[in-house]
Every structure is written in structure tokens, then in C-alpha cells.
Amino acid sequence: MKILVIGSGGREHAIAKKLLDSEVVESVFVAPGNDGMTLDGLVCVDITISEHSRLIEFAKKNKVAWTFVGPDDALAAGIVDEFRQVGLKIFGPTRLAAELEWSKDFAKSLMSQYRIPTAAYGTFSHFEEAKAYIEKQGAPIVIKADGLALGKGVVVAMTVQEAIQAAHEMLIDNKLGDSGVRVVIEEFLEGEEFSLFAFVNGDKFYLMPTAQDHKRAFDGDKGPNTGGMGAYAPVPHLPQSVVDASVETIIKPVLEGMIKEGRPYLGVLYAGLILTADGPKVIEFNARFGDPETQVILPRLSSDFAQNITDILEEKEPEIRWIDQGVTLGVVVASEGYPLAYDKGVPLPAKTSDDITSYYAGARFSENGQALLSHGGRVYMLVTTADTVKAAQTRIYQELEKQDTTGLFYRTDIGRKALK
Ligand code: AMP
Ligand code: GLY
């Protein structure tokens, strides 16, 4: 069969590469993809994620069996609804089901209605009311834009003044545009963060290994928030009892809630969780795979990925299996300056082979096609599997030290929380 993956980053590279490994798959198209993916035999299609009708036309013309959606903005724009309307199979939530991600207010009120553990909160569209709430609650406190904001919508404020300023910037200065016309203000939670992913269809769900992202740009969790600078899976120091509690108190009730609200969920559900003194609580839900978590989770899938998704789409019981030994760890290499301004066009090291996989995000061939050059903030990611976090980390950093990463940077402490 032929499959279409929508998106262009390292996440989509990992999804598409795993699909191409399948015995039932003949080719995998990625729209728009990036040139680095072609080194793995993936076919990039020059259509952007917002051109829904061109994507539909492509899927029909090429007899694509089904489509897998990577990024949140495509889901929020209703790409799944449009594909389904013309009878095309697609793996991802509808626009209404994806509201779990694209409106923090919707997610919070659903959690409150179905008693899912999360931070206490209020939602505001008037600055004076937001200010009064902040003054009453005190700091630390967290200010979140209601809508999608490319990872820029959350301010963890350590002082009341900082919190009021963040609310002012979103509600009055309109700094985040429409995303910030409403804000969710929530209680600051303390604990270790981890991510729990599941393949979902309605009330059926199939859990993936736990993962931990590293969102800050620099070592020691310093510097600005990024899309994610590295990850590992599973999180070895997280007891199974925490995963079990997360399933019972979070995953099951949210899927039930979505069905009761008339928005049954199909696709990947991403629960961003924090392990507090009172047990796991929800920081956020996303309606898709995480980037860079996907690049460390999918290599651990030992069953046939394309067959698994086909079965879920056809409402058959999928046979999903995971490698249960060792740890998979990956380090993102980004352009110097990311997540702020950065240069493009830096020549990239050769693709790795054997025990280290290179997943590409912002990569493009030079005009003569001879060299692969940087073309985005996050550029590529090296991933390996080893017996322990320490061993995987040592192997990746050994490789990175050999590479010429002039004009690029990476964190040198991915996996550090597992080594304490
Ligand atoms: P989000 O975009 O919702 O994932 O938030 C980005 C980051 O802000 C999270 O990964 C957390 O580190 C932090 N954060 C979000 N909400 C809270 C909260 N209620 N308490 C503490 N930290 C938070
Ligand atoms: N790794 C964070 C995200 O995908 O949102």
C-alpha cells in the first residue's frame, strides 16, 4: 500500500521511516517533508499542510490507502474532517476532537467536568479580571494563551508582577494575536514532567512507552522554551504504578468524556503530565505525536506499524508490540540562535548509519544537490538504543563530538534526570 504523511519535521521523518519499514508498504509520501527524508527513501511532495484540497487530490490520484497527520495546526484546521467527507481514510482527530489541544479552556473545562487531575484555573478575556485573579492567587502562577501559539503561549511567572505583565501582553497588547484573546491562568504545579502517548479509537487505547522531553534550549533546563531539544523513552525511574494511575485517572476518563461530548477521539493522544506529591496531573493534552518524543518512541515499536494503524482504522484489534529492553535516547541539533533568529545554509554532517539514526527536520539540498544544508531551527536529531540511559547518552555524544557542528548547537545533558 501507499501512505501519505502530513508534516515536515523530525517527528514526521520518524513516522514515515517506520511506516516504510512495514512489509505491507510500497511507498511513503511526505507532504511537504524535507530533503533529509529522501536519504531514507521517502518521497517528498511539494504541497503545504494548509492546501487541503491539493492534498486530497494527491491522495486520490496516487491511490493512497490512508493518511497520517503529524502537526496540530492541520488538525485544528479540520484536515481530518475534509478527508473523511470525500471518503478518504485518515489517522487523526477531527477538528472538534482536536479542540483538546487547540483550546486550553476547552481542555480545562472537560477535565473539570470529568474530574481529571489538573491545576486549578480560571479563564479570562478581560485584563482587569485576570489581574484581580492573579493578585488573589499570588505567585508562582502560570499564564497560558487559550489557542495554539507555537510553544510561545505559556508563561510560568515567579512573581505577581511578571504574571500581570504576561496577561497584559496577551489580553491588551495582543502579542499572540487571536490565540491570546482569552487566557487560562492556573496554579503552579511542582514535580517531574513526563509524556504519555496512546494510539486511540473511541474508548480503545494502546499505550506507548513513557518519554521525557527537554524543552529548554540550554543545559540544566536553562534558557528559552523550544519545541524540544532531546528526549528518551521509556523513563526508567518512573514506577509502573504512576503509569497505571495515569491510565485510570486521566486516559480512561478523558476518552470517555470525549465520547460523551459527542467528539469521539481517533488518532494519537499525547498527555503532558507532571508527577506531583498528589499523583500525576495533566499539564496539557495534545492531539498528535510529540516532537522529539516520536523519534525515541517509534524505534521501540517491534510490530508492523502500518498494519497496526490499518487495523485501528478498520476497528480491528491491532497487535502492537514494543521492545521492552534498554532505553532509546536522542539529541536534537539546532541552528545557533534558535529559538530566536538563526542563519540557514550551514552544511550538515553526513547521515549516520548502523546503531545511530539521523532524523531530519530543517534540512534542504544545496542548489546543485551535492550538499545537505540547514534550513530551520531544529535541524536534525541523532537517536540510538542502548542498555541504559548513560550508555545511550555516551554513544550519542561520542558521535556528535566527531561531527562538524559549526553554526549549530545541542544540549549536552539529555537524559540527566534519569541519572540522578
Ligand atoms: P505547555 O505548553 O502547556 O506544555 O507548557 C510549557 C511548559 O510550561 C510545561 O512543559 C511546563 O514546564 C510549564 N507549565 C505549564 N503549566 C504548568 C503548571 N500548571 N505548573 C508548572 N509548570 C507548568
Ligand atoms: N515535545 C513537545 C511537543 O511536541 O509539543
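In listed order, ligands and their atoms are each counted from 1. Note that the numbering runs from 1 along the sequence shown for the chain.
Considering backbone and side-chain atoms together, N225 places no N or O closer than 3.5 Å to any N or O of ligand 1. Not a single N or O atom of K215, backbone or side chain, sits closer than 3.5 Å to an N or O atom of ligand 2. Inclusion of R11 in the set of residues having an N or O under 3.5 Å from an N or O of ligand 2 is not warranted.
Contact annotation: A231 has no heavy atom less than 4.0 Å from any atom of ligand 2. Ligand 1 lies nowhere less than 4.0 angstrom from a heavy atom belonging to E190.
Nearest to atom 8 (O) of ligand 1 among the protein's heavy atoms is V154 CG1, 3.5 Å. From the protein, the heavy atom lying nearest to atom 18 (C) of ligand 1 is V142 CG2, 3.5 Å. Regarding atom 13 (C) of ligand 1, its nearest protein heavy-atom neighbour is V156 CG2, 3.7 Å. The closest protein non-hydrogen atom to atom 17 (C) of ligand 1 is I283 CD1, 3.6 Å.
Contact annotation for E293 and ligand 2: only side-chain heavy atoms (C-beta onward) come within less than 4.0 Å of the ligand. Heavy atoms of R288 found under 4.0 angstrom from ligand 2 belong exclusively to the side chain.
Closest heavy-atom approach to atom 9 (C) of ligand 1 within the set K144, E101, E193: this belongs to E193. For atom 21 (C) of ligand 1, the candidate residues are V282, L148, L189; the nearest heavy-atom contact is made by L189.
In the displayed structure, E190 atom CD is contacted under 6.0 Å by at most 12 heavy atoms of other residues, nucleotides or ligands.
Atom CG of L273 and atom CD of E192 lie 12.0 Å apart (nearest 0.5 Å).
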